Undergrad: 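Have a look at the structure that comes next, please.
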Amino acid sequence: MSAANILLDVNGIEVIYNHVILVLKGVSLQVPEGRIVALMGGNGAGKTTTLRAVSNLLESERGAVTKGSIELRGERIEALGTSEMVNRGVIQVMEGRHCFAHLTIEENLMTGAYTRRDGKAAVAATLDKVYTYFPRLKTRRTSQAAYTSGGEQQMCAIGRALMANPKMVLLDEPSMGLAPQIVEEVFEIVKDLNTREGVTFLLAEQNTNMALRYSDYGYILENGRIVMDGAAASLRENEDVKEFYLGTGGSERGGGDRKSFKDAKSYKRRKRWLA
Ligand SMILES: Nc1ncnc2c1ncn2[C@@H]1O[C@H](COP(=O)(O)OP(=O)(O)OP(=O)(O)O)[C@@H](O)[C@H]1O
Ligand SMILES: [Mg+2]
C-alpha cells in the first residue's frame, strides 16, 4: 500500500480523560482509501475512544489527545472541530444508534444533510440512494424512530451519516444488541456501500467474527494498545485470534477464562505477533 492511498493515519496517540485517566497508550493505525478497516477488542479496550479522537468528539467527553498525531490525507486534524471534520467528509456513527426518537425515519435522515450546500435536488438524490441501500428505511420512512426496531434504528443512524455524502464513516459497534441476521444485513449493506460507492470505513467492533468477515484489514486493541494487526483473511486464520477472539481454536481454551492476549502465558507467542 503506497502512502498516497492512506486516507487516515493515526500515529502513536495517547488519550487522557479528565486530565488523569490514561486510556490510549500509543495507538497507531492506518486506513487506506476505499477500504474497510476493523478495530476490534473487548469492553473498555479503547475502540470508541480511538474513533472519538479521530472525529474530534473527545472534548465533549473531557478527553484529549496528549501525544501523537492524526492525519487525514496528510493534513493534521487533531485541532479541528467536529463540523470541520464533517466538511472533510469524516462522520462518526455513534455507538448505541442515536436516532431522534420523536422524529420520523425520514426526518432523522434529513438531519444528516445539514452541512450540505449543494441544493435540495442533490440532497433528494442522496435520500433516494439511501433508500435503495436500505429498503427497510423506505418502508418505514414516515414512522417515528421510537417505534422502529433496533436494526432499523442502526440503519437509520448509518443512513443519516450517508446523507452528508461522507468519504469516510467511523462506525462504532454496529452489531450491538442486534439479532444475528440483522447484523448480517447491516454488514452486507456496509460492504455494498464500500464497493459501490467507495465509502471508506473504520469499524469498531467487539464482534470479531463479523468484523473480520467484512473488513480488509484489522487491528486488535487491548487495554489501550494495539496488540496485533494484519490482513483480515490472515487474522481469521491466526491461531491466537481463533483462540481468544473467535472462540473456535485452541484445544487448551480452559473454559473461556483466558480471554485476552495479555493473559497468554507464552512470551514467544507475543514475539511472533510482533515479528
Ligand atoms: N468520558 C470518559 N471519561 C472517563 N473515562 C472514560 C470515558 N469514556 C471512556 N472511558 C474509559 O476509557 C476506557 C476505554 O473506553 P472505550 O469506550 O473507548 O472502550 P471500547 O473499546 O469502546 O469499549 P466497549 O466495547 O465497551 O464500547 C474505559 O476504561 C472507559 O471506562
Ligand atoms: Mg465502545
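Each ligand, and each atom within it, is numbered from 1 in the order the structure gives. Source: prediction; values computed, not measured.
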Undergrad: Just which atoms of ligand 1 are under 4.0 Å from any heavy atom in E61?
TA: 1 (N)
Undergrad: Is A204 near ligand 1, meaning one of its heavy atoms is under 4.0 Å from it?
TA: no
Undergrad: Would D172 and T48 count as a side chain to side chain donor-acceptor pair (under 3.5 Å) here? Give the steps.
TA: CA-CA 7 Å; D172 199 353; T48 297; 2.7 Å; yes
Undergrad: For ligand 1, which atoms sit closer than 4.0 Å to a heavy atom of E95?
TA: 27 (O)
Undergrad: Show every ring pair (Phe, Tyr, Trp, His ring centres under 6.0 Å) that has at least one partner inside residues 191-220, sequence neighbours left out.
TA: F187-Y214, Y217-Y219
Undergrad: Heavy-atom contacts with T49 under 4.0 Å: which atoms of ligand 1 show up? List them by number with element.
TA: 14 (C), 15 (O), 16 (P), 18 (O)
Undergrad: Under 4.0 Å from any heavy atom of E173, which atoms of ligand 1 are there?
TA: 25 (O), 27 (O)
Undergrad: Counting heavy atoms only, name the option from L39, N43, I16 that's nearest to atom 26 (O) of ligand 1.
TA: N43
Undergrad: Check whether the side chains of Y147 and E152 place a donor and an acceptor atom closer than 3.5 Å, and report yes or no.
TA: no
Undergrad: Sort by chain and number the protein N/O/S atoms that are closer than 2.8 Å to the Mg ion (ligand 2), and list them.
TA: T48 OG1, E95 OE1
Undergrad: Walk me through it: do E78 and R76 pass the test salt bridge (charged side-chain N to carboxylate O under 4.0 Å, His left out)?
TA: CA-CA 6 Å; E78 304 95 284; R76 292 285 290 263; 2.8 Å; yes
Undergrad: How close do L103 and N108 get, counting heavy atoms only, and between which atoms?
TA: O-ND2, 3.4 Å
Undergrad: Do you know which two heavy atoms are closest between I91 and A161, and how far apart they sit?
TA: CG2-CB, 3.7 Å
Undergrad: Which option wins on minimum heavy-atom distance to atom 28 (C) of ligand 1: G44, G224, G63?
TA: G44
Undergrad: How far is atom 25 (O) of ligand 1 from its nearest protein heavy atom, and which residue and atom is that?
TA: K47 NZ, 2.7 Å
Undergrad: Side chain to side chain donor-acceptor pair (under 3.5 Å), that's the test. Do E205 and S175 meet it? Break it down for me.
TA: CA-CA 7 Å; E205 255 305 336; S175 76; 2.9 Å; yes
Undergrad: Considering only protein heavy atoms, which is closest to atom 9 (C) of ligand 1, and at what distance to one decimal place?
TA: Y17 CE1, 3.5 Å
Undergrad: What's the shortest heavy-atom distance between S215 and I36, and which atoms?
TA: CB-O, 3.4 Å
Undergrad: Decide salt bridge (charged side-chain N to carboxylate O under 4.0 Å, His left out) for R88 and E75; before the verdict, give the C-alpha distance in whole Å, the side-chain angles of both, and the deciding distance to 0.1 Å.
TA: CA-CA 11 Å; R88 281 164 180 74; E75 179 197 11; 2.9 Å; yes
Undergrad: Determine, counting only non-hydrogen atoms of the protein, whether one lies under 4.0 angstrom from atom 31 (O) of ligand 1.
TA: no
Undergrad: With heavy atoms only and a cut-off of under 4.0 Å, state how Q206 meets ligand 1: side chain, backbone, both or neither.
TA: side chain
Undergrad: Provide, to 0.1 Å, the distance between atom 22 (O) of ligand 1 and the closest protein heavy atom, together with that atom's residue and name.
TA: T48 OG1, 2.7 Å
Undergrad: Would you call R136-E185 a salt bridge at under 4.0 Å N-O?
TA: yes
Undergrad: Just to verify, what does S143 make a side-chain contact (heavy atoms from CB on, under 4.5 Å) with, not counting sequence neighbours?
TA: R140, T148
Undergrad: Would you call R52 a ligand 1 contact, heavy-atom distance under 4.0 Å?
TA: yes
Undergrad: Is any NZ, NE, NH1 or NH2 atom of the basic residue among E33 and R35 found under 4.0 Å from an Asp or Glu carboxylate oxygen of the other?
TA: no
Undergrad: Tell me whether K242 is salt-bridged to E239, with the criterion being a basic N under 4.0 Å from an acidic carboxylate O.
TA: yes
Undergrad: Run the contact test for G46 against ligand 1 with a 4.0 Å cut-off on heavy atoms, strictly below, and give the result.
TA: yes
Undergrad: Using a strict cut-off of 4.0 Å, indicate which atoms of ligand 1 neighbour a heavy atom of A45.
TA: 19 (O), 20 (P), 21 (O)
Undergrad: Applying salt bridge (Lys or Arg N to Asp or Glu O under 4.0 Å), name anything that partners E184, two or more places apart in sequence or on another chain.
TA: R213
Undergrad: For atom 13 (C) of ligand 1, which of I21, V23, V15 has the closest heavy atom?
TA: V23
